[in-house]
Amino acid sequence: MSLSNSRSWIEENRTLLFTLLFLFSLVVRFVTAEYLDLGGDNATKWMEAHRLAEGMGVSYWYNHSMRWAINLPLAGLIKLFGPHPTLVYLLPFTMASLASLCIGLIGEKIHSLKLGIAASMLTTLLPLMTLTGSQLWPGVFELGWTAIMTWLVLVWIDKRAAWILTLAGICFFLGWGARITELYMYPGIVLLIWLPTKDFKAVVLFTAVSAGLCFAEWGWFWWDSGNPMGRLGILNETRGNHQDLPITFTKYLMQFTELKKLKGLLPVTILTLIAGAFALGEKDNRVKGIAALYLGHMVLILYMISGISPLKIALPFGSRYWPEAAPYGLLLLLWYLFKIKEKQPRTGVTLIAILFIAFTSFTVKKIPPTNSVTQMARDYDLIRPVLAEDKPIMMIYEPWQPNFIENILIQTFTGKRKRRSRLDREIHLDMRRNQQRIAALYLEDLHRFEQVKTVPLVRVEKHVYILPSSTYTGSEKSAAVSTFGRKLHAATLPDSNQ
């Protein structure tokens, strides 16, 4: 087949290719999914959504219950299909895959179908997506809605239909409904609208739609919660003591060093930032807008403040926040690699191949030894009746759990598992978090949630605790065993665990 025929085949089967990219992302998300994280974000959102589905309303307004763009769709799924916890994965899988699809469409718009396909696949294979794309974290919802919004703006640039820009404003609002840091995308998206068109009315329309909806939401939260600041006020009241927010001026200036938390992805991140900086000088104003979207988000996520006296950052930077904007940086990096490929084909192809091989290797390494979705289904079948019958559960903490590859090596060669040392208070905290996760996911009677969530645990030894029944005396045998770590969990019967 000639090169021209190859191009023709790709273009003729464009719809099929993008469909396959979406399905590819779903498969990768399923295979690499991590078990629902120990942190409170996931368990509390599931419980709040379960309450909504049962018509009980939210427990009270706080940072997790007010994220309606996550909780309402999840409540709808529970209402339709029942409270099976594997439904947790449906939303992040879908939002992550929609994001990958839209990044591909964006790449096609600003360069070519081949660049779009490469950008979509690289977004799917981003190693951090194994966690971000399988949790109820707001980041994956921001990622999805921002990608759809960005693609709609690029479509609007070609068609200039007001309804398309209105849809983009609605997408911004839905991202805001997941987390208010969607605001960090606003400067970049406005520049993407303005730079290629110089259409001030379009900027006003997009701002009016998105701000109008956010204003209406603020009014509703004020009316319902009594807080005149709406969600911002609720967040400020319920976020905790903010001990991690005060910062010295010197450390504030050095916030860029927090990028080290990205660890092995730091070199790629630096390359994307360099690509973004160079893209600001490109003739194509759409590319400039994409660069502004990426760089603007990175600056704000690192340097946005929530107070001046004393100086406070708005949000401590962590590796979970880069994936929200990373696809745009990867897109710009590929833009330049494709330009290198046009002038020096061998060099360009080699660099692109290295990037894909690295991402694929890291992603494969993150595949858990047992699929998390099927494991959660098994755990539900085992733990649900134990909780319903009010029987005790033994919890065993594993400080280190192997991934798919490590598990094969252990079974093949050593047969031994490593055990990382942790302090007693750290283990106890993780035990409490696992207790909350078990109560939220596997307890059918919502009226017992607070009881099961807060009952004092019984320490057996450093890594073993008992989640007691309401009548626990100390001699009652555990009806199930919950073996868990940060990433994995497995429920077994006591005999099978011995």
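Numbers here are sequence positions counted from 1. Keep in mind that the numbers below use all heavy atoms, side chains included, and drop hydrogens, waters and symmetry copies.
Inter-residue side-chain proximity for T130 and I367 is flagged as unmet; no heavy-atom pair is nearer than 4.5 Å. The shortest side-chain heavy-atom distance between L165 and L152 does not fall under the 4.5 Å cut-off. Proximity of F93 to V373: side-chain heavy atoms (C-beta onward) are separated by under 4.5 Å at one or more points. Using a 4.5 Å heavy-atom threshold, the side chains of W151 and I103 count as separate. With a 4.5 Å cut-off on side-chain heavy atoms, Y35 and R437 count as touching. Counting heavy atoms from C-beta outward, F356 and M121 have side chains that approach closer than 4.5 Å. Under the 4.5 Å side-chain criterion, counting only non-hydrogen atoms from C-beta, V209 is not in contact with F173. No side-chain heavy atom of I234 sits less than 4.5 Å from a side-chain heavy atom of N63.
Taking the six-membered ring for Trp and the full ring otherwise, W61 and F221 have centroids separated by under 6.0 Å.
Geometrically, R160 engages W156 in a cation-pi contact, judged by NZ or CZ lying under 6.0 Å from the ring centre and within 45° of the ring axis.
A distance-only check finds no donor-acceptor pair linking the side chain of E108 to the backbone of L115 [under 3.5 Å]. Between the side chain of D199 and the backbone N or O of A202 there is at least one donor-acceptor pair closer than 3.5 Å. The backbone N or O of L125 sits less than 3.5 Å from a side-chain atom of T363, completing a donor-acceptor pair. With hydrogens and angles disregarded, no donor-acceptor distance shorter than 3.5 Å links the side chain of E142 to the backbone of G175. A donor-acceptor contact shorter than 3.5 Å is absent between the side chain of D41 and the backbone of W137. The backbone N or O of L195 sits less than 3.5 Å from a side-chain atom of N285, completing a donor-acceptor pair. With hydrogens and angles ignored, the 3.5 Å screen pairs no side-chain donor or acceptor of T146 with any backbone N or O of L143. Here the side chain of R51 pairs a donor or acceptor atom with the backbone of G57 at under 3.5 angstrom. Y303 places a side-chain N or O within donor-acceptor distance of the main-chain N or O of F256, the cut-off being under 3.5 Å. Side chain of R231 to backbone of R67: no donor-acceptor contact under 3.5 angstrom is found.
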Which is it for W176 and I180 under the side chain to side chain contact (heavy atoms under 4.5 Å, CB included) test, yes or no, and what are the steps along the way?
-> CA-CA 5 Å; W176 164 273; I180 60 176; 3.7 Å; yes
Side chain to side chain contact (heavy atoms under 4.5 Å, CB included) between L26 and F30: does it pass, once the steps are laid out?
-> CA-CA 6 Å; L26 286 176; F30 176 82; over 6 Å; no
After noting the C-alpha distance and the side-chain angles of D381 and R378, does the key distance pass the salt bridge (Lys or Arg N to Asp or Glu O under 4.0 Å) rule?
-> CA-CA 5 Å; D381 290 339; R378 288 193 288 268; over 6 Å; no
For the pair K45 and L136, evaluate side chain to side chain contact (heavy atoms under 4.5 Å, CB included) and give the outcome as yes or no after the intermediate values.
-> CA-CA 7 Å; K45 286 190 187 70; L136 290 175; 4.1 Å; yes
Let me see the working for N371 and Q375 under side chain to side chain donor-acceptor pair (under 3.5 Å), right down to the final yes or no.
-> CA-CA 6 Å; N371 181 262; Q375 182 63 57; over 6 Å; no
Start with the C-alpha gap between M376 and Y442, add the side-chain angles, then the distance that decides, and say whether side chain to side chain contact (heavy atoms under 4.5 Å, CB included) holds.
-> CA-CA 10 Å; M376 183 174 286; Y442 304 124; 3.7 Å; yes
Just do the side chain to side chain donor-acceptor pair (under 3.5 Å) check on Y321 and E258 with the steps written out, would you?
-> CA-CA 12 Å; Y321 300 119; E258 291 296 293; over 6 Å; no
Taking it one step at a time, do S65 and N71 satisfy side chain to side chain donor-acceptor pair (under 3.5 Å)?
-> CA-CA 7 Å; S65 63; N71 295 343; 5.9 Å; no
T483 and H489: CA distance, side-chain angles, deciding distance, side chain to side chain donor-acceptor pair (under 3.5 Å) verdict = CA-CA 6 Å; T483 303; H489 181 280; over 6 Å; no
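The CZ atom of F278 sits 7.5 Å away from the CD1 atom of I274 when rounded to the nearest 0.5 Å. Between atom CD1 of residue I305 and atom CG of residue L300 there is a gap of 11.0 Å, rounded to the nearest 0.5 Å. The CE atom of M129 lies 8.0 Å from the OG1 atom of T124; values are rounded to the nearest 0.5 Å. Here the straight-line distance linking atom CZ of R14 with atom CG of L105 works out to 6.0 Å at 0.5 Å rounding. Annotation: the span from L174 atom CG to S210 atom OG amounts to 11.5 Å, rounded to 0.5 Å. We find the CG-CG distance between N42 and L441 to be 8.5 Å, quoted to the nearest 0.5 Å.
Annotation: K198, atom NZ; neighbour count of heavy atoms from other residues, nucleotides and ligands within 6.0 Å is above 12. Residue K260 places its NZ atom among more than 12 non-hydrogen atoms of other residues, nucleotides or ligands, all under 6.0 Å distant. Counted within 6.0 Å of CZ on F362, heavy atoms from surrounding residues, nucleotides or ligands total 12 or fewer; the atom is thus considered open. Remark: W222 CH2 is loosely packed, at most 12 non-hydrogen atoms of other residues, nucleotides or ligands lying under 6.0 Å away.
Side chains of S59 and E48: a donor on one and an acceptor on the other come within 3.5 Å. One side chain, T272 or Y294, offers a donor N or O that lies under 3.5 Å from an acceptor on the other. Checking S120 against S100 by side-chain atom types alone, no donor-acceptor pair falls below 3.5 Å. With 3.5 Å as the limit, one finds a donor-acceptor pair spanning the side chains of Y336 and E282. Between the side chains of S97 and S25, at least one donor-acceptor pair of N or O atoms lies under 3.5 Å.
Ring geometry for Y62 against H64 counts as perpendicular: the plane angle is over 60°, on a 0 to 90° scale with 30° as the lower cut. The aromatic rings of W335 and H111 sit perpendicular, their planes meeting at an angle over 60°, well past the 30° parallel limit. Between F206 and F172, the two ring planes are perpendicular [angle over 60°; tilted spans 30° to 60°].
For L128 against S319, the heavy-atom pair with the smallest separation is CD1-O, 3.6 Å. For the residue pair A119 and L331, the shortest heavy atom distance occurs at CB-CD1, 3.5 Å. Across every non-hydrogen atom of L52 and A75, the tightest pair is CB-CB, 3.8 Å. When all heavy atoms of A69 and A178 are compared, the closest pair comes out as CB-N, 3.5 Å. Taking both residues in full, the closest heavy atoms of A291 and L332 are given as CA-CD1, 3.6 Å, listed atom of the first, atom of the second, then distance. For the residue pair L87 and G82, the shortest heavy atom distance occurs at CD1-O, 3.1 Å.
In this structure W218 satisfies the side-chain hydrogen bond (donor to acceptor under 3.5 Å, both in side chains) test with no other residue, sequence neighbours excluded.
Using a 4.0 Å cut-off between a side-chain N of Lys or Arg and a carboxylate O of Asp or Glu, K109 and D158 qualify as a salt bridge.
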